[in-house]
Amino acid sequence: MPELPEVETVRRDLEALVVGARVERVVVTGARTVRRTSAEAVRAGLEGRALVAAGRRGKYLCVTLDDGRWLVVHLRMSGQLLVADAPSAPLLAHTHVRLALDDGRELRFVDPRTFGEVVVVDPARLDDEAPGIASLGPEPLDIDVAGLTRVLRPRRRQLKALLTDQHVIAGIGNIYADEIAHAAGVRFDRLGASLTRPELARLHASMQSILTAAIGARGSTLSDAQYVDLGGLGGGYQEHHAVYDREGQPCLRCGRPVLRVAWSGRSTFFCRRCQR
DNA sequence: AAGCACACCTGCTAGC
DNA sequence: TGCTAGCAGGTGTGCT
């Protein structure tokens with residue numbers, strides 16, 4: 001579910017709502033969620049620790065603890081972090097980890113599909129303890145046109161494969177790859193090596209503007225409402241999607257029906273007229 | 001290197 | 001109404 005804008009929204013919520021609190025007690029009820037290490041390792045790594053900063057790399061949330069280690073959370077497809085005002089607040093189905101905070105609230109990890117992960121790592125040993133983070137490409141909001149050109153141009157792979165490959169650029173998934181390609185007027189299946197300078201400039205500009213606007217709208221929440229923020233509320237950027245999940249509806253630029261194709265086992269939405 | 005298929009799970013919806 | 005197939009925002013592996 002969540003891509004960079006959604007994860008960034010959760011990061012900001014963590015910063016505003018739980019940074020400064022101390023973890024008093026940890027209850028792990030979902031073994032798969034802590035499969036990277038173990039329930040005991042997560043409990044031991046968190047109990048007694050204060051949460052001192054909330055960071056993000058790609059789609060990974062990295063909460064710095066007062067001993068310098070990181071609480072790393074990846075939401076994958078269906079994970080949610082939620083704050084409950086009291087431990088007695090009703091427990092949602094598929095709640096796998098609960099952090100009781102010293103102010104009486106609870107930070108909860110809920111994840112129906114159990115693809116998500118929670119782990120405590122030493123940031124100096126990411127290669128071993130969080131290889132997914134260690135091998136991430138650059139942050140899309142931090143690179144310039146030259147940087148984007150460096151990662152896309154030498155590749156004989158399709159644009160969407162490159163944009164959604166976390167080793168190439170971090171944080172972009174199925175929704176925003178389609179939105180960025182549409183806004184730039186470039187088809188999803190163009191090879192990286194075929195992109196012209198003006199196209200790369202447009203891709204860069206679209207990447208910045210769409211991700212920034214999506215963060216401003218607190219992310220995209222589709223009809224299944226799987227993505228919600230720390231308070232359980234959905235985002236608003238789905239109202240601004242030009243193509244994603246809009247098969248048959250008019251392209252917002254030219255009015256032609258948006259097309260959907262199966263691409264690499266997933267849906268891709270695009271406009272045949274606006275994207276070349 | 002790139003591109004598949006498939007695996008990991010649950011839940012919702014469209015279609016019969 | 002009730003069943004089933006298909007699909008879902010992500011990533012990793014293993015095979016061609």
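Only a predicted model underlies this, so the values are computations on that prediction, with no experimental measurement involved. Below, chains carry the letters A, B, ... as their sequence lines are ordered, and counting in each starts from 1.
Checked by atom type, the side-chain pair Thr114(A)/Arg32(A) shows a donor-acceptor distance below 3.5 Å. Of the N and O atoms on the side chains of Thr9(A) and Arg218(A), not one donor lies less than 3.5 Å from an acceptor on the other residue. Side-chain contact of Tyr176(A) with Glu6(A): a donor-acceptor pair under 3.5 Å is present, judged by distance alone.
Atom pair Tyr227(A):OH and dG11(B):P shows a separation of 22 Å (rounding to whole Å applied). Per the geometry, CE belonging to Met77(A) stands 13 Å off P belonging to dC7(C), to the nearest Å. Between the CG atom of Leu92(A) and the P atom of dT10(B) there is a distance of 17 Å, given to the nearest Å. Atom CG of Leu152(A) and atom P of dA2(B) are 12 Å apart (whole Å). For the pair Leu75(A) CG and dT11(C) P, the computed distance is 10 Å after rounding to whole Å. Between Leu136(A) atom CG and dT11(C) atom P the separation is 9 Å, expressed in whole Å. Counting to the nearest Å, the P atom of dG10(C) and the CG atom of Asp111(A) are 14 Å from each other. Rounded to whole angstrom, the span from the CG atom of Asp245(A) across to the C1' atom of dG6(C) amounts to 15 Å.
Atom P of dC3(C) sits at a distance of 25 Å from the matching atom of dC9(B), rounded to the whole Å. A distance of about 22 Å separates the P atoms of dG11(B) and dT1(C), rounded to the whole Å.
Within the 4.0 Å cut-off from OP1 or OP2 of dC9(B), not a single side-chain nitrogen or oxygen of His94(A) is found. Between Arg32(A) and the phosphate of dC9(B), there is a side-chain N or O to OP1/OP2 separation shorter than 4.0 Å. An OP1 or OP2 oxygen of dA8(C) is reached within less than 4.0 angstrom by a side-chain nitrogen or oxygen of Ser267(A). Applying the 4.0 Å criterion to OP1 and OP2 of dT11(C), one finds that Gln166(A) has a side-chain N or O inside that range.
Each of Asp66(A), Leu101(A), Asp103(A) was scored for a side chain to side chain contact (heavy atoms under 4.5 Å, CB included) with Arg22(A), with one residue passing: Asp66(A).
Arg156(A) comes within contact range of the sugar-phosphate backbone alone, with a heavy-atom separation under 4.0 Å but no base atom that close. When heavy atoms are screened at a 4.0 angstrom cut-off, Tyr244(A) is found touching the sugar-phosphate backbone but no base atom. If you check every strand for non-hydrogen atoms under 4.0 Å, Thr221(A) touches a base.
For a distance-only test at 3.5 Å, the side chain of Arg266(A) qualifies as a donor-acceptor partner of the base of dG10(C). One N or O donor and one acceptor, one from the side chain of Arg113(A) and one from the base of dA8(C), sit under 3.5 Å apart.
Here the nucleotide nearest the side chain of Arg155(A), chosen from dA2(B), dT11(C), dT10(B), is dA2(B). You'll find that the side chain of His74(A) is closest to dG10(C), out of dA2(B), dG10(C), dA8(C).
DNA chain C is contacted by both His167(A) and Phe269(A); Phe269(A) maps to the nucleotide lying nearer its 5′ end (nearest heavy atom per residue). Nearer to the 5' terminus of DNA chain B, by closest-nucleotide assignment, is the contact made by Pro154(A) (compared with the other of Pro154(A) and Ala93(A)). Take the nearest nucleotide of DNA chain B for Gly265(A) and for Thr114(A): the residue whose nucleotide is more 5' is Gly265(A).
The pair Arg11(A)-Glu8(A) meets the salt-bridge criterion, since a charged nitrogen lies less than 4.0 angstrom from a carboxylate oxygen.
Nucleotide dA14(B): paired with dT4(C) (Watson-Crick or G-U wobble, both distances less than 3.5 Å).
Within the 3.5 Å criterion, the main-chain N or O of Val73(A) finds no donor-acceptor partner in the side chain of Glu117(A).
The aromatic ring of Phe115(A) sits over the base of dC8(B), with ring centres less than 5.5 Å apart and planes inclined by under 30°.
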